[in-house]
K.L.:
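My structure is below; once you've seen it, I'll send some questions.
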Amino acid sequence: MYKEITRIIPHRHPMVMIDGYKRINDDSALSEKTFLANDYGCDNGTVLDSILIECLAQTVAAHYGYKTLQKKNEKPSMGMLVSVDAFHFFHPVPENTRISIFIKKTDQIGPFKIMNGEIKINEKLMANGQIKIYNPENEPG
């Protein structure tokens, strides 16, 4: 797992919503996060739904940040979450539980990337949906 996650994403504490990534491929990535009690985004023992969406967006950021560093660029390019589509929350995510965050690019229209994402705990699907990212600085792919 990549230990210096803030090297490849623009987010800083307390808004870092992934601990690191486990796998990054050409069009997909897998990251992990454990939300502890009193972490930003936790309320009454569970992780807020909106924070789970942010976990997906930051996994996308890690994906493109890592690819940028592989090209020997010093600083990853900036992107922006522009829409959340057809998102479903099946079960509350409890604090102190490691979640897996999977994203896969399904389409690209110019600088817009369409990403499907899943949040799981031990292969149990907790949430899924689609997000659109705007990132004009990254080349297609």
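For reference, positions follow the sequence shown, starting with 1. Keep in mind that the numbers below use all heavy atoms, side chains included, and drop hydrogens, waters and symmetry copies.
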K.L.:
Say you draw a straight line from OG of S28 to CD1 of I103; how long is it, rounded to the nearest 0.5 Å?
P.N.:
6.5 Å
K.L.:
How about D85: does its CG atom have over 12 heavy atoms from other parts shown lying under 6.0 Å from it?
P.N.:
yes
K.L.:
Look up atom CD1 in I114 and atom NZ in K104, then write down how far apart they are to the nearest 0.5 Å.
P.N.:
14.0 Å
K.L.:
Given 3.5 Å as the limit, does a donor-acceptor pair link the side chain of H63 with the main chain of D26, or not?
P.N.:
yes
K.L.:
Would one find more than 12 heavy atoms of other residues, nucleotides or ligands at under 6.0 Å from atom CG of N25?
P.N.:
yes
K.L.:
Output yes when a side-chain donor or acceptor of K113 lies under 3.5 Å from a complementary backbone atom of N135, and no otherwise.
P.N.:
yes
K.L.:
Under 4.5 Å between side-chain heavy atoms, hopping through other hydrophobics if needed: is there a path connecting M126 to I131?
P.N.:
yes
K.L.:
Hydrophobic clusters here meaning ILVMFWY residues chained together by side-chain heavy-atom distances under 4.5 Å, can you tell me if V93 and I51 are in one?
P.N.:
yes
K.L.:
So, do F35 and M17 sit near enough that their side-chain heavy atoms are less than 4.5 Å apart?
P.N.:
yes
K.L.:
Would you call the rings of H88 and F90 parallel, tilted or perpendicular, taking 30° and 60° as the class edges?
P.N.:
parallel
K.L.:
Less than 4.5 Å apart, side chain to side chain, heavy atoms only: is that true for L52 and I99?
P.N.:
yes
K.L.:
Would you call the rings of Y21 and Y66 parallel, tilted or perpendicular, where under 30° means parallel and over 60° means perpendicular?
P.N.:
perpendicular
K.L.:
Would you indicate whether the side-chain heavy atoms of P14 and D39 approach each other to under 4.5 Å?
P.N.:
no
K.L.:
Step through the shown structure and confirm whether more than 12 heavy atoms of other residues, nucleotides or ligands are within 6.0 Å of OH on Y40.
P.N.:
no
K.L.:
Hey, are the side chains of Q58 and I5 touching, using non-hydrogen atoms and a 4.5 Å cut-off?
P.N.:
no
K.L.:
Quick one: CD on E32 to CZ on R98, what's the gap to the nearest 0.5 Å?
P.N.:
4.5 Å
K.L.:
Tell me which pairs pass salt bridge (Lys or Arg N to Asp or Glu O under 4.0 Å) where either residue lies in residues 117-135, with sequence neighbours left out.
P.N.:
E118-K120, K120-E123
K.L.:
Inspect the surroundings of CE in M80 and state if more than 12 heavy atoms from other residues, nucleotides or ligands are less than 6.0 Å away.
P.N.:
no
K.L.:
Can you find a heavy atom in the side chain of L81 that is under 4.5 Å from one in the side chain of I53?
P.N.:
yes
K.L.:
Identify the heavy atoms of H13 and V16 that sit nearest to each other, and give their distance.
P.N.:
N-CG2, 3.8 Å
K.L.:
Mind checking whether Y64 and F112 sit in one hydrophobic cluster, side chains of I, L, V, M, F, W, Y counted as touching below 4.5 Å?
P.N.:
no
K.L.:
For E54 and L56, indicate whether the former's side chain and the latter's backbone hold a donor-acceptor pair under 3.5 Å.
P.N.:
no
K.L.:
Assess whether side chain to side chain contact (heavy atoms under 4.5 Å, CB included) is satisfied between Q130 and T106, documenting all intermediate values.
P.N.:
CA-CA 9 Å; Q130 187 177 83; T106 59; 4.2 Å; yes
K.L.:
Just how far is it from atom OG of S83 to atom OH of Y134, taken to the nearest 0.5 Å?
P.N.:
14.0 Å
K.L.:
Between CD1 of I18 and CD1 of I101, what distance do you get to the nearest 0.5 Å?
P.N.:
6.5 Å
